[in-house]
K.L.:
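First the structure, then my questions, so here it is.
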Amino acid sequence: MRRISSLAWRSLGARKMRSILTSAGIALGVAVLFASLAAGATMDAAVDKAAADEMGHADLRIGALEESGLSRETVAIIDGLAGASIAAPALERKTYLSASLNQTATAKLPPPVTVLGIDPVLEPQLHDMPLVSGQPLRAGDVQSALVTQTLANEEGYALGDSVTLNGTVAAGPQPFKIVGILAGDGSVPDAGGRLVFMPLASAQALFGTTGVTRVDLGAAPGVSVDELTGQLDVSITTQPFLLSRTADLAASLRTEMADFRSALLLVAAVVLFAGAFLIFNTLSMTVAERTRDVGLLRAAGTTRSQVMRLVLLQAFALGVAGSVAGVLAGIGLAALTLSWVGSSGPITLAAPAISGGSVAMALVIGIVLTLAASLEPAWRAGRIPPVEALRRGPQGAAAGAARLRWLVVVFGVLALAALAVWPTGAGGAASGVGSVATGSGSGAWGPLAIYGLLLVAVLLVPRLLGPLLRAGGLPFRIFRNEERLARSSLARDRSRTALTVGALVVGLAMVVALGTAAQDVRKVGATWLTETIPGSELLTSIRPLSTTDPIQGQLAETPGVKSVSPIGLFGVPYVSSTQNGGRSEKSVLRQEAAAVVGHDYLVDGRLDFVSGDRTAALGALDSGGAVIVPKSLADSAGIHVGDTMQFATGPTLTQLNVVGIVAHSIPTGAQEAILIGWPDALASFGVTGADFYAIRYDPGQEATARPALDSAATSYALEPNQLDKVSGTVGDALDRIFRLLDALSLIAVLVAGLGMVNTFSMSVMERVREIGVLRATGMTSRQVWGMVVIEAGVLGLVGAVVGAVVGLVVGALLVAWSSAGFGLVFDPPWISIGLAVLFGFLISVAASIYPAGLASRTSIVRALQHE
Amino acid sequence: MTSDPRLSPPAGVQPAGLFGDSASSNGTILEARNLTKRYRLGSRDVDALRGVSLRVRRGEFVALMGPSGSGKSTLLQLLGGLDRPTSGEVVLDGEVVSHLSDAQATRLRREKTGFVFQFFNLIPLLDVYENVALPFTIAGVDPRHGDAATRIREVIELVDLAGRERNRPDQLSAGEQQRVALARALVGRPAILLADEPTGNLDYATGGEILDELWHSCDQLGQTIVLVTHEARAAAHADRVLVVGDGRIRDEIELGRRSNRDAGPLIARLAQLGL
């Protein structure tokens, strides 16, 4: 055994360059896998931390669904629950620092601050509030505040300073004395660290409300969270509310990121697949090259299993070296990935979490994949008949069908590995980046289908190789002689060529597919907004503006402005009926809703009605008692025009008639909003005002009217956003993620490039004598160089074009899964695709430079003596 | 003596029938002057050639004969411009081969030499026609049209492979493959044809056919040939045999042009020399 292993090491050492390139290929695949696992673990840790920060030690959070918040009566009921030992109410609102707003009255609005009104005694019992200086809030404090260290640093606050906050118009700006500075960012993840804590009564006075936005509960000893939930359901009947616990919050946050993690894993699987091509090709070449050695060993009494072990040992050594290097490189890649992503919603991603589990997982997958890839060559080596091997010497092309069957085995190994590390909750989100990249709502099956499609494409390549090579050779016809020889050389070992080109195909296909999907996401985002917002500009407010607020009228008077349409976003407790075993069961679900002015849509002409009469439906919204439903909800909940939707808004249900179904509605996070008229929103759903105004300009007046309107809006603390810029910002954020996935996919192309160096080198070695003959017959060394480079050019062109075509098919599938029925024309980013094809072509040509140099420097005499 | 009507002789080469006494009336086409070749083998130097000088006349068939390791193949490689001597020079058709750059030597090979090797060395992916056409293809001449196509067809007929043009090397017997190699060497009408053990990989009968093909190309077309062999039977086809041993020309045996190519006189002469 020791001697066998020594032969294995020597064989690897004899072809150092090939061994290094192969290990590098494995390393790159494992690096992307490890980066994906480490990034996933980091996201998990960040999610848990964010959830724990937000919930503190509370067992349960009761959140208000209505904008007016939970009433005093509801809070009193919660406070009196037998199962609760602590009930800490809080009011959360956004506002502006008065000073910063005054300084920038005509410029861009400053970032808002989040005010958290708390009970100074109860809140610290459920939430850690570590201070870096000063003292905590105390019962009975008035006009005192704590600020976070981040806000203090950003605004230059010190202990004892006064922070003046804008409140309601009636209350006006109010000063608060900073009595303490809290460590870090505070416990509200989406506040960006700009937090001000004050006594609840002060906050309620500032914002002119008596409600609270949430109550955090600590369960009494011996009371379970389920029991507590049961008590709440029974006790609170007058107001809708939303219950959440730490695990729910973490699960919800995790779901938001699961698709991105799935996309990362899919890319990792693609890179590893490309790496597997490299391993298989390299070991196949080694076996072919060493046929005579193997024949000698077999003639000398070495058993088949010993020969197999010899090859597997080499693979194991390459796998271990590559996987260890891959994990090390993966740590750096994970750090780069996380710093590129930066943050995901409320989650801030820090340094990669390196766990023993992910290191072990990456190492095991890397080594197992390498061994899986080497099984067929090892088996083939064991089957070499000694006499045949000694008689015929090195066997270049062999076992094409077996090689392709092997692909399916490796595909299976990788698919199983991917399922083993698949993030929980993947595919749950209805929209977002990852869902586009991996097929929304399809869980692991979407990515597996894409992955399978790539496999089918690679399996088809050898069958179409002849015509493909002829087509790929067309641009090189001016080098008639070299092109003919190069193409012939590629056709010499079809399965090897197919495997080599296959790695390039899968890598480029992913790049092209992601580029196509990114383009579609951008267009969907833009189309969605322009199809559902009655105007070309949005003025957003950080707090609801009453429909009677004079701001709306003043804005409408700006010359060139046609209409100012108020839109309010809020959650409604939708009573959903489901059939279960013949019984109708009812449950209350949170549904996003938007309060709109029907008349404005009627005049503007937007909203695509798929059911119901447009004029009647929009008129009904303004009259009250009506709702317009997006098609996605209508389809999933079986809602039709004429049905009645019920909402648990209090002791009695609010009922609205479905008057229309629209193709798309206003997007709000993960859902499309149902559209409700302002009379119902104000009267039945506790909506206090508009969150933004949609501005429509007179035809041709937008350019001249906008500066005046924007200036007026800013003076009212409204942030102007042009619609195309809003969608552009969303698109930019998505592009950033897609660029990351693209960059990782390009690693697969790089791995394919390493495989090509090996393939072309092997090809040159196999043809040494031919090259000698060509040189003896009068071919110049430059022509020989050109022949190998053209061979690479043809292969690169074939791989790049096939990759682009397959990528377009995968991209079309992704778009079909994710474009949400906008009926957009399939519009791939041709320039990016062209660049990807060029990159694939250049990688292939670059991979041939070294082997071409070897070929052109071949000594004619030695070449002619070569066996 | 008439030339083969199927193929006109190479440019600048007179048919053998006009030569009369080739040794006296024709000019030298190939000359080697004091050639040496030293190889590095591990830590020691090996002298493959130790000062070889020779001349080959136009239309002459010369055999370099000697045992394995005598230096005959090395000498052939230097004569054909495949390798450079350590010292000395080779003059082929007036050009000093050993002083040429790689590109110039390549051009010289393309225009003035043809090679036939022991292992045929056909390009397996090209068919018979394409293999024979290789010198034209490399030179950038379209082998499917014009004079080139005519010449290719002529030379394929000459080696009796007409009708096999679309066959690939693996569909041919060893003898047929060597005939393709011979056709490839002749198609460019080279000033000199260099053959390195062309029968070494063939059975007795097939080897004899190839040697006859070579002799006919020399006799009927005036093709100058330098043949490397260790077999007396093969060397007996030559006009003149140079016996190579230990990196030197040990002897020169003049056989003259003989239609029966009988090996007896050569074997007897070799025996006299104690070889």
Side-chain angles (χ1 to χ4, degrees), chain A residues 391-397 465-466 469-470 473 477-494 497 763 766-787 790-791 794 855-867, chain B residues 37 39 48 73-78 80-84 101-127 130-144 168-170 180-181 184-185 187-188 190 194-197:
Chain A
R391 192 167 63 81
R392 293 177 61 193
Q395 300 296 298
L465 200 61
L469 290 178
R470 273 196 292 280
R477 283 286 160 89
I478 48 168
F479 309 100
R480 186 188 309 152
N481 168 36
E482 290 90 334
E483 185 270 336
R484 173 81 178 86
L485 290 169
R487 199 153 44 81
S488 303
S489 168
L490 287 170
R492 177 193 309 252
D493 186 345
R494 283 167 178 264
T497 301
S763 174
E766 281 176 356
R767 286 183 293 156
V768 159
R769 195 189 282 169
E770 273 176 47
I771 291 168
V773 173
L774 291 169
R775 293 280 284 125
T777 313
M779 191 177 241
T780 62
S781 55
R782 196 182 176 81
Q783 281 177 306
V784 171
W785 187 90
M787 180 178 71
I790 287 171
E791 184 178 326
V794 173
S856 67
R857 290 192 300 272
T858 299
S859 150
I860 304 173
V861 172
R862 284 193 189 173
L864 293 171
Q865 288 166 346
H866 185 85
E867 280 194 35
Chain B
K37 183 68 182 176
Y39 291 112
S73 287
T74 304
L75 177 56
L76 187 85
Q77 286 153 6
L78 297 184
L82 297 178
D83 203 358
R84 283 163 181 258
S101 68
D102 180 67
Q104 288 169 324
T106 302
R107 180 190 49 77
L108 187 87
R109 282 198 301 272
R110 192 162 62 213
E111 292 173 358
K112 296 194 173 173
T113 66
F115 286 94
V116 181
F117 303 100
Q118 179 180 352
F119 293 107
F120 325 141
N121 289 335
L122 301 179
I123 308 295
L125 302 163
L126 304 183
D127 62 25
E130 290 166 326
N131 264 293
V132 174
L134 205 57
F136 289 124
T137 316
I138 288 172
V141 175
D142 185 351
R144 290 165 302 181
R168 298 226 171 163
D170 59 1
V180 176
R184 181 180 65 194
V187 76
L194 303 157
D196 188 359
E197 303 274 14

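As the structure is a computational prediction, the values presented were derived from the model and not from experiment. Each chain gets a letter, A, B and so on, in the order the sequences are listed, and its residues count up from 1.
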K.L.:
Return the option, out of Glu111(B), Gln118(B), Arg110(B), with the maximum number of heavy-atom pairs under 4.5 Å with chain A.
P.N.:
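Top count of heavy-atom pairs under 4.5 Å with chain A: Arg110(B).
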
K.L.:
Please report the C-alpha distance between Thr777(A) and Arg109(B) in whole Å, then the side-chain angles of each, then the deciding distance to 0.1 Å, and finally whether the side-chain contact (heavy atoms from CB on, under 4.5 Å) criterion is met.
P.N.:
CA-CA 6 Å; Thr777(A) 313; Arg109(B) 282 198 301 272; over 6 Å; no

K.L.:
So, taking the atom named CD in Glu770(A) and the one named CG in Leu134(B), what distance separates them when rounded to the nearest 0.5 Å?
P.N.:
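That separation rounds to 10.0 Å.
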
K.L.:
Need one label for Arg184(B): side chain, backbone, both or neither, based on atoms under 4.5 Å from any heavy atom in chain A.
P.N.:
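Contact with chain A is through the side chain of Arg184(B) alone.
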
K.L.:
What part of Glu130(B) gets within 4.5 angstrom of chain A, counting heavy atoms only: side chain, backbone, both, or neither?
P.N.:
side chain

K.L.:
Would you indicate whether the side-chain heavy atoms of Leu774(A) and Ile123(B) approach each other to under 4.5 Å?
P.N.:
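Yes, at least one pair of side-chain atoms sits under 4.5 Å.
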
K.L.:
Give me the atom names and distance for the closest heavy-atom approach of Ala776(A) to Phe117(B).
P.N.:
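Heavy atoms of Ala776(A) and Phe117(B) come nearest at CB-CZ, 4.0 Å.
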
K.L.:
Can you confirm whether Asp102(B) sits close enough to Ser781(A) that some side-chain heavy atom of one is under 4.5 Å from a side-chain heavy atom of the other?
P.N.:
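When only atoms from C-beta onward are counted, Ser781(A) and Asp102(B) do touch, with a gap below 4.5 Å.
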
K.L.:
How many angstroms lie between CZ in Arg862(A) and CG in Leu82(B), if you round to the nearest 0.5 Å?
P.N.:
14.5 Å

K.L.:
Show the nearest heavy-atom pair for residues Val861(A) and Gln77(B), with the distance to one decimal.
P.N.:
CG1-OE1, 3.2 Å

K.L.:
Please classify the contact between Arg775(A) and chain B as side chain, backbone, both or neither, with a heavy-atom cut-off of under 4.5 Å.
P.N.:
both

